[in-house]
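Notes for the one structure printed next.
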Amino acid sequence: MTRTRSAPSKSYEACEDKRSEQRLLHKWTRYSSAKLEEVEETLLSALRKPFESIFVDVGQCVGTNDKIRTVALNRESDNIPVLLLHGLGAGVGLWVLNLDAIADHRPMYAIDILGFGRSSHPKYDEDPIAAERQFVASIEAWRVAMGLERMYILGHSMGGYLACSYSITHPQR
């Protein structure tokens, strides 16, 4: 038995037009910051524990006035804190299902890495090694600004790479 493919019907074309239209709706617009804040607020509303959402001034790590968006839970604990670093194209919302559990035992911080989410979006160096150093420097500047002596770092994907790079550069932290 042989099967033949018929020419696409008009309903197929209409479906393709609809998909193209949906892709356009998902592109970033000048209203994206407000939409990001709204969506993130919805995600964070799932948390059971109280949290703080702050913008930490890290100075001139990459740009002229860099700020790192930080979500903090259980800051009053004396245990060594955990810093969560998201992967490429993500933000603090990636961790929403993990934040409460980690904060049961220690201070917990999730940041939007510079250039992502609601943090500042500076222009990184075009040289990959220099850019990596800038990412690591921004994490160290964040640690200093937060007044943390030591911390554990947990990263996902690119965040895992930066956690390793930071740990190699700052093993005492």
Side-chain angles (χ1 to χ4, degrees), residues 22-44 47 51-75 79-99 102-103 106-173:
Q22 287 171 341
R23 278 190 221 114
L24 288 174
L25 291 175
H26 294 294
K27 285 190 176 187
W28 286 104
T29 68
R30 63 189 175 117
Y31 303 106
S32 295
S33 294
K35 188 66 175 171
L36 175 60
E37 185 175 354
E38 177 187 324
V39 169
E40 196 172 81
E41 200 173 291
T42 301
L43 284 171
L44 293 175
L47 294 175
F51 67 94
E52 296 174 77
S53 177
I54 54 178
F55 290 87
V56 179
D57 187 347
V58 293
Q60 296 181 354
C61 289
V62 182
T64 56
N65 187 21
D66 295 329
K67 293 186 179 11
I68 294 181
R69 164 71 189 313
T70 304
V71 172
L73 288 84
N74 192 16
R75 289 177 76 178
N79 291 330
I80 297 173
V82 173
L83 170 63
L84 303 176
L85 301 176
H86 60 77
L88 186 67
V92 297
L94 172 76
W95 302 105
V96 74
L97 297 177
N98 307 102
L99 301 180
I102 295 170
R106 58 189 63 255
M108 198 292 319
Y109 300 95
I111 65 172
D112 283 332
I113 297 168
L114 278 183
F116 297 88
R118 294 177 60 203
S119 287
S120 300
H121 288 248
K123 181 171 174 24
Y124 282 91
D125 196 297
E126 291 181 14
D127 175 60
I129 294 171
E132 178 183 343
R133 286 188 193 122
Q134 289 174 316
F135 278 115
V136 169
S138 71
I139 296 167
E140 175 62 4
W142 175 87
R143 184 200 61 78
V144 169
M146 293 297 292
L148 303 176
E149 184 60 33
R150 296 180 61 213
M151 62 185 172
Y152 297 117
I153 305 178
L154 173 67
H156 173 262
S157 189
M158 182 187 87
Y161 178 85
L162 292 175
C164 289
S165 185
Y166 178 89
S167 297
I168 290 167
T169 307
H170 301 283
Q172 73 282 10
R173 302 290 174 210

Which value, rounded to the nearest 0.5 Å, describes the distance between [X] atom [atom1] and [Y] atom [atom2]?
X: Leu36; Y: Glu38; atom1: CG; atom2: CD; answer: 10.0 Å
X: Trp142; Y: Ile68; atom1: CH2; atom2: CD1; answer: 8.0 Å
X: His86; Y: Leu154; atom1: NE2; atom2: CG; answer: 13.0 Å
X: Ser53; Y: Glu37; atom1: OG; atom2: CD; answer: 8.0 Å
X: Leu84; Y: Ile153; atom1: CG; atom2: CD1; answer: 10.0 Å

Passing candidate, side chain to side chain contact (heavy atoms under 4.5 Å, CB included) with Met146, options Leu83, Ile111, Val56: Val56
Derivation of the side-chain contact (heavy atoms from CB on, under 4.5 Å) call for Met108 and Ile102: CA-CA 7 Å; Met108 198 292 319; Ile102 295 170; 3.3 Å; yes
Pairs involving residues 150-162, ordered by first then second residue, that meet side chain to side chain donor-acceptor pair (under 3.5 Å) (sequence neighbours left out): Glu132-Tyr161
Listed once per pair and sorted, the side chain to side chain donor-acceptor pair (under 3.5 Å) pairs that draw on residues 113-124, sequence neighbours left out: Glu40-Arg118
Ion pair check, Arg143 and Glu149, cut-off under 4.0 Å: no
Ile113/Leu162 under side-chain contact (heavy atoms from CB on, under 4.5 Å): CA gap, chis, key distance, verdict: CA-CA 10 Å; Ile113 297 168; Leu162 292 175; 3.9 Å; yes
Minimum heavy-atom distance [X]-[Y], with the two atoms named:
X: Val58; Y: Cys61; answer: O-SG, 3.3 Å
X: Val82; Y: Arg106; answer: CG2-CD, 3.1 Å
X: Pro107; Y: Tyr109; answer: CB-CE1, 4.1 Å
X: Val71; Y: Leu73; answer: CG1-CD1, 4.0 Å
X: Asp125; Y: Gln134; answer: N-OE1, 2.9 Å
X: Val96; Y: Leu43; answer: CG2-O, 3.1 Å

Check: Gln60 main-chain N/O paired with Thr64 side-chain donor or acceptor under 3.5 Å: no
Side-chain donor or acceptor of Asp112 paired with backbone N/O of Gly117 under 3.5 Å: no
Enclosure of Arg133 CZ (heavy-atom neighbours >12, cutoff 6.0 Å): no
Side chain to side chain donor-acceptor pair (under 3.5 Å) partners of Arg75, counting only residues at least two apart: Glu52
Verdict with supporting geometry, Glu41 and Val39, side-chain contact (heavy atoms from CB on, under 4.5 Å): CA-CA 5 Å; Glu41 200 173 291; Val39 169; over 6 Å; no
